[in-house]
Enquirer: 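What follows is a structure written as structure tokens; I'll ask about it next.
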Amino acid sequence: MTDQIPAEYALVLAAILFALGLAGVLVRRNILFILISLEIMLNAAGLALIAAGARWGEPDGQIMFLLVLATAGAEVSVGLALVLQLYKQFRTLDIDAASRMKG
Amino acid sequence: MVTLFFIAAAVAIIATFMVITHLEAVHALLHLVVSLLAVALIFYLLGAPFIAALEVIIYAGAIMVLFVFVVMVLNLGPLTREQETRWLRPGMWVAPAILSGVLALELVYVLLGGQKPLSVSSGVDVKEVSHSLFGPYLIAVEVASILLMAGLVGAYHIGRGWKGKAR
């Protein structure tokens with residue numbers, strides 16, 4: 001019970017979670033699921049930061065995670081406002097409906 | 001402790017896989033909350049209990065509430081009640097309940113195991129984090145607050161009048 005978790009395991013878990021989030025972004029065409037997958041990827045990056053901080057015993061990893069948290073909050077608020085606007089314009093959540101970029 | 005880490009990691013991976021494969025957004029969000037709780041337990045095991053608490057409060061709390069709110073807003077209309085009945089049918093609770101039950105068992109085991117808190121034995125103290133946060137990283141904190149302000153103003157500007165009014 002006294003042994004510490006090797007940092008490699010946590011980094012591998014972060015890589016797996018990041019790959020799952022990336023697959024979600026690439027595969028799903030619903031913009032809500034794309035935002036959710038972005039959250040998964042941000043969270044996996046935060047897990048890598050925490051693992052690195054715990055490995056070296058430095059507080060910088062946790063501080064970087066706090067900044068990632070603030071970034072995720074801002075990104076989600078703007079992204080969900082964009083979802084509402086997309087639904088207003090196109091009456092759908094399909095991201096391909098807005099691929100023309102002409103407003 | 002490595003065993004606990006492996007169990008929590010398995011829960012996180014399974015829940016995340018469920019998230020990206022589910023078709024309905026509410027079910028995916030339910031699994032995403034379980035995944036975030038598993039990651040929070042991993043943070044605790046890695047010796048960062050403060051970050052684990054923040055993960056539960058902000059990610060699994062605030063951000064997920066935002067998502068659920070938008071999902072509910074997008075489904076206005078007379079079909080809402082029937083739709084919610086379909087969303088919340090009893091079978092949907094089984095898989096997230098099992099996964100979070102595993103997490104709860106792990107948490108009880110860790111808390112009742114008679115161990116010292118992990119931040120004391122290993123890992124980084126909260127005091128050290130906050131000294132560093134408001135010392136050398138003070139500019140970063142200010143920039144993060146400006147970013148949140150910009151997010152607030154941007155979300156208000158983009159999201160206003162979405163209900164089909166002339167604009």
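What's counted below: heavy atoms across the whole structure, side chains too, no hydrogens, waters or symmetry copies. Labels below follow one simple rule: chain letters A, B, ... track the order of the sequence lines, proteins then strands, and each chain is numbered from 1.
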Enquirer: In terms of hydrophobic clustering (I, L, V, M, F, W, Y; side-chain heavy atoms under 4.5 Å; direct or indirect links), are V65(B) and V71(B) co-clustered?
Expert: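 Different clusters: V65(B) never reaches V71(B) through Ile, Leu, Val, Met, Phe, Trp or Tyr contacts under 4.5 Å.
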Enquirer: Show the nearest heavy-atom pair for residues I63(A) and V129(B), with the distance to one decimal.
Expert: CD1-O, 3.8 Å
Enquirer: Tell me which of these, V25(A), L35(A), I36(A), L67(A), has more heavy-atom pairs under 4.5 Å with chain B than the rest.
Expert: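 The candidate making the most pairs under 4.5 Å is I36(A).
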Enquirer: For F50(B), does the CZ atom have more than 12 heavy-atom neighbours from other residues, nucleotides or ligands under 6.0 Å away?
Expert: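 Atom CZ in F50(B) is not packed in, count stays at 12 or less.
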Enquirer: Which region of S37(A), side chain (C-beta onward) or backbone (N, CA, C, O), has a non-hydrogen atom less than 4.5 Å from a non-hydrogen atom of chain B, or is it both or neither?
Expert: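 Only the side chain of S37(A) comes within 4.5 Å of chain B.
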Enquirer: About how many Å separate CG of N30(A) and CG of L23(B), when rounded to the nearest 0.5 Å?
Expert: 10.0 Å
Enquirer: With a 4.5 angstrom heavy-atom cut-off, which part of F6(B) approaches chain A: side chain, backbone, both or neither?
Expert: side chain
Enquirer: Using a cut-off of under 4.5 Å for heavy-atom pairs, which of L42(A), T71(A), V78(A), L80(A) has the most such pairs with chain B?
Expert: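 Option with the top pair count is L80(A).
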Enquirer: Answer with yes or no whether the hydrophobic clustering places V12(A) together with L45(B); edges join I, L, V, M, F, W, Y residues whose side-chain heavy atoms lie under 4.5 Å apart.
Expert: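 Yes, V12(A) connects to L45(B) through the hydrophobic network.
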Enquirer: Tabulate, in ascending numerical order, the residues of residues 146-153 of chain B having at least one heavy atom closer than 4.5 Å to a heavy atom of chain A, or enter 'none'.
Expert: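 So the qualifying residues are L147(B), L148(B), G151(B).
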Enquirer: Between atom CD1 of I51(B) and atom CG of L66(A), what is the distance when rounded to the nearest 0.5 Å?
Expert: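 Going from CD1 on I51(B) over to CG on L66(A), the span is 4.5 Å.
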Enquirer: What I'd like to find out is whether the side chain of V70(B) reaches to under 4.5 Å of the side chain of V83(A), using heavy atoms alone.
Expert: yes
Enquirer: Which of parallel (below 30°), tilted (30 to 60°) and perpendicular (above 60°) describes F65(A) and F43(B)?
Expert: perpendicular
Enquirer: Under 4.5 Å, heavy atom to heavy atom: which of residues 133-143 of chain B reach chain A? Give them by number, or say none.
Expert: L133(B), Y137(B), A140(B)
Enquirer: Are V34(B) and F33(A) connected into the same hydrophobic cluster when the rule is that any two of I, L, V, M, F, W, Y join if their side-chain heavy atoms are below 4.5 Å apart?
Expert: no
Enquirer: Heavy-atom pairs under 4.5 Å with chain A - which of G154(B), A144(B), A9(B) has more of them than the others?
Expert: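 Most pairs with chain A among the choices: A9(B).
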Enquirer: Using non-hydrogen atoms only, which part of L13(A) is less than 4.5 Å away from chain B: side chain, backbone, both, or neither?
Expert: side chain
Enquirer: Report which part of I42(B) has an atom under 4.5 Å of a heavy atom belonging to chain A: side chain, backbone, both, or neither.
Expert: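 The answer is the side chain of I42(B).
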Enquirer: How many angstroms lie between CG in L86(A) and CD1 in I158(B), if you round to the nearest 0.5 Å?
Expert: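 Rounded to the nearest 0.5 Å, the CG-CD1 separation comes to 12.0 Å.
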Enquirer: Atom CD1 of I63(B) and atom CG of L69(A): how far apart are they, to the nearest 0.5 Å?
Expert: 6.0 Å
Enquirer: Where do A81(A) and A155(B) come nearest, in terms of heavy atoms and distance?
Expert: CB-O, 3.7 Å
Enquirer: Considering all heavy atoms of both residues, which atom of Q85(A) and which atom of R160(B) are nearest to each other, and what is their separation?
Expert: NE2-O, 3.5 Å
Enquirer: Taking C-beta and beyond as the side chain, do V19(B) and L20(A) meet within less than 4.5 Å on heavy atoms?
Expert: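 No. Closest side-chain heavy atoms not under 4.5 Å.
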Enquirer: Any chance you could measure E128(B), atom CD, to D60(A), atom CG, to the nearest 0.5 Å?
Expert: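 Answer rounded to 0.5 Å: 9.0 Å.
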Enquirer: At what distance, to the nearest 0.5 angstrom, does CZ of R28(A) lie from OG1 of T21(B)?
Expert: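 The OG1 atom of T21(B) is 7.5 Å from CZ of R28(A), to the nearest 0.5 Å.
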Enquirer: Looking at every heavy atom in both N43(A) and E55(B), which two are closest together, and how far apart are they?
Expert: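 Where N43(A) meets E55(B) most closely, the heavy atoms are OD1-OE2, 3.0 Å.
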Enquirer: Which answer fits I16(A), side chain, backbone, both or neither, if we ask what part of it has an atom under 4.5 Å from a heavy atom of chain B?
Expert: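 Side chain only.
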Enquirer: Looking at every heavy atom in both E39(A) and Y59(B), which two are closest together, and how far apart are they?
Expert: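 Looking at all heavy atoms of both residues, the shortest contact is OE1-CE2, 3.0 Å.
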Enquirer: With only heavy atoms counted, which part of I13(B) is less than 4.5 Å from chain A, the side chain, the backbone, both or neither?
Expert: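 The answer is both parts of I13(B).
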Enquirer: Is it true that L84(A) and F69(B) fall in one hydrophobic cluster, defined by side-chain heavy atoms closer than 4.5 Å?
Expert: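 Linked, L84(A) and F69(B) end up in one cluster.
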Enquirer: Taking all atoms of both residues into account, what is the closest heavy-atom pair of L46(B) and A10(A), and its distance?
Expert: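 Of all heavy-atom pairs spanning L46(B) and A10(A), the closest is CD1-CB, 4.2 Å.
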Enquirer: In terms of hydrophobic clustering (I, L, V, M, F, W, Y; side-chain heavy atoms under 4.5 Å; direct or indirect links), are V110(B) and V11(B) co-clustered?
Expert: yes
